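Please read these numbers as outputs of a predicted model, since none were measured by experiment.
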Amino acid sequence: ARQPAALPKEEVPVYEQLALILKEAIADGQLSGGDRLPTTRELCEIFELNHLTVRQAIKHLDASGDILVKPGRGAFIPSKEDQVRKVLLMLPTLGDDLCAGISRGVRSVLEQDGFDIYVLDYNADSEAEKNYLQKISDEGYAGAILYPTLAEESTRLILKMLVEGFPIVLLDREFSGVPGWFVLSDNFQGGYLAGKHLLEQGCKELACVMNRLPNVQERLRGFQTVIMEAGLTLHKSRICYTEEEGDPEGGCTDQLLKADSSIDGIFYHNDFQALYGYKKIKAAGLSIPDQVKVVGFDDMQAAQFADPELTSIHQSPEKRGQAAANMCLEQLALPATERFRKKEVMVPVQLI
């Protein structure tokens, strides 16, 4: 490091002068990739500066990418492997509890490892999703954690990156027969628990509101399994499928109740649909839970404000985010040729 005689120049803040000296030391080879920067205390002694000034200089260099601060380990000159420390987290929305929890989980792991997380919300729009996916390699991300739609063009782009060995972890989606790294909720167990609860509450005439996404079909499969084990049948006429954008008018609930007044328990594939269903059940003059019992899925915060409070399946979004982040780190440590394989983490669910 240079001698303190180079400091200070009154027209330039002292921390900027120190940052410039350290940048020059990196540029002329006095400090090279992988080297550890002197500690804050050592820099204070070398340049006869207070620790606040030195910390400000370190923060400035970290923000500009000239150094890499690793919590608990110190500041380092980035090696070639450290040059790219950006991970993309792409979610269908930032406006619900599920995605917010996933984001917290991802950040809690990757930020500790010195990564910057860039969160993109494609607003459940497959065209926006496709545009974001096309930019991943161009914008220099080290890896990506995706909660994708299964739109054809987006799926094609994801499969291409998987084959090329780009580090990708998929949340709540799995490509059948294709190697990939997946983090899934135990959707089958969630459907099973929902059906078991309704049966334990005395329901015998069960129905459900689903969509056709693979994870939701696993919930339906679990629901059907426990009903069959009880010696009952879930008739096709009592499975109502919503459109892709959902069922905000509660049309499925209307349809089920008008077709069969004996229904006494309904399982909804998410809490939003269950709350829409609440309105329709009450509008039909039926009491919850005395005449119709309801179970949702997701355990979003709004469920506790329903009247009565909504029974739901909790998915642990933060644990899913943490699992995805750890899988991303595992992929980054592998050569590209070893990434194209299947690995799956199944996160348990529970009835709330």
Side-chain angles (χ1 to χ4, degrees), residues 1-89 103-119 136-137 139-145 165-169 181 321-339:
R2 305 288 181 84
Q3 292 302 309
L7 296 170
K9 298 176 182 176
E10 292 184 4
E11 67 277 13
V12 180
V14 175
Y15 81 90
E16 286 189 14
Q17 294 179 53
L18 177 57
L20 180 60
I21 287 171
L22 294 173
K23 284 180 71 169
E24 289 174 351
I26 296 168
D28 65 20
Q30 293 182 52
L31 295 167
S32 56
D35 286 351
R36 186 177 178 279
L37 209 64
T39 66
T40 300
R41 177 180 292 179
E42 289 168 341
L43 289 171
C44 287
E45 292 174 354
I46 292 168
F47 293 96
E48 298 179 0
L49 296 171
N50 67 61
H51 71 281
L52 292 176
T53 300
V54 171
R55 285 181 181 175
Q56 200 170 4
I58 296 297
K59 186 176 180 181
H60 180 76
L61 290 169
D62 185 37
S64 65
D66 291 290
I67 65 170
L68 178 64
V69 175
K70 298 182 179 182
R73 296 173 58 191
F76 294 80
I77 312 306
S79 62
K80 287 184 179 179
E81 291 75 22
D82 291 325
Q83 299 283 323
V84 179
R85 304 291 292 181
K86 299 193 302 182
V87 170
L88 174 67
L89 172 60
S103 178
R104 286 195 300 272
V106 168
R107 289 179 180 281
S108 71
V109 173
L110 291 183
E111 287 181 348
Q112 293 239 352
D113 217 72
F115 282 88
D116 294 321
I117 298 96
Y118 292 76
V119 183
I136 287 178
S137 56
E139 296 187 358
Y141 293 103
I145 298 170
F166 184 81
I168 286 181
V169 179
W181 298 59
Q322 289 166 352
N326 282 317
M327 289 181 88
C328 184
L329 291 174
E330 187 178 343
Q331 282 198 66
L332 289 169
L334 293 172
T337 53
E338 295 182 23
R339 292 173 184 154

Taking all heavy atoms of [X] and all of [Y], pick out the closest pair and write down the distance.
X	Y	result
Leu89	Ser103	CD2-CA, 3.7 Å
Ala19	Leu61	O-CD2, 3.7 Å
Arg36	Arg73	NE-O, 3.3 Å
Arg339	Gln331	NE-O, 2.9 Å
Met327	Val169	CB-CG2, 3.9 Å
Pro167	Leu332	CG-CD2, 3.7 Å

Check whether any side-chain heavy atom of [X] lies under 4.5 Å from a side-chain heavy atom of [Y], and answer yes or no.
X	Y	value
Arg107	Val119	yes
Leu43	Leu49	no
Ile136	Ile168	no

Side chain to side chain contact (heavy atoms under 4.5 Å, CB included) partners of [X], counting only residues at least two apart:
X	value
Ile26	Leu31, Ile67, Ile77
Glu16	Val12, Pro13
Ser108	Gln322
Asn50	Leu52, Thr53

Would you sort out whether Ile21 and Phe47 count as a side-chain contact (heavy atoms from CB on, under 4.5 Å), showing the intermediate values? CA-CA 11 Å; Ile21 287 171; Phe47 293 96; 4.1 Å; yes
Would the number of heavy atoms belonging to other residues, nucleotides or ligands and lying under 6.0 Å from CD of Gln112 be above 12?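 Incorrect, the count does not exceed 12.
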According to ring pair (Phe, Tyr, Trp, His ring centres under 6.0 Å), who are the partners of Tyr15, at least two apart in sequence or on a separate chain?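 Partners of Tyr15 under the ring pair (Phe, Tyr, Trp, His ring centres under 6.0 Å) test: His60.
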Hey, what do you get for [atom1] ([X]) to [atom2] ([Y]), rounding to the nearest 0.5 Å?
X	Y	atom1	atom2	result
Ile58	His51	CD1	NE2	13.0 Å
Asp116	Tyr141	CG	OH	10.5 Å
Leu110	Asn326	CG	CG	8.0 Å

Going by the rule side-chain hydrogen bond (donor to acceptor under 3.5 Å, both in side chains), which residues pair with Arg104 if we only count those two or more places apart in sequence or in a different chain?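 If we apply the side-chain hydrogen bond (donor to acceptor under 3.5 Å, both in side chains) test to Arg104, skipping adjacent residues, the hits are Glu318.
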Glu42 side chain to Thr39 main-chain N or O, any donor-acceptor pair under 3.5 Å? yes
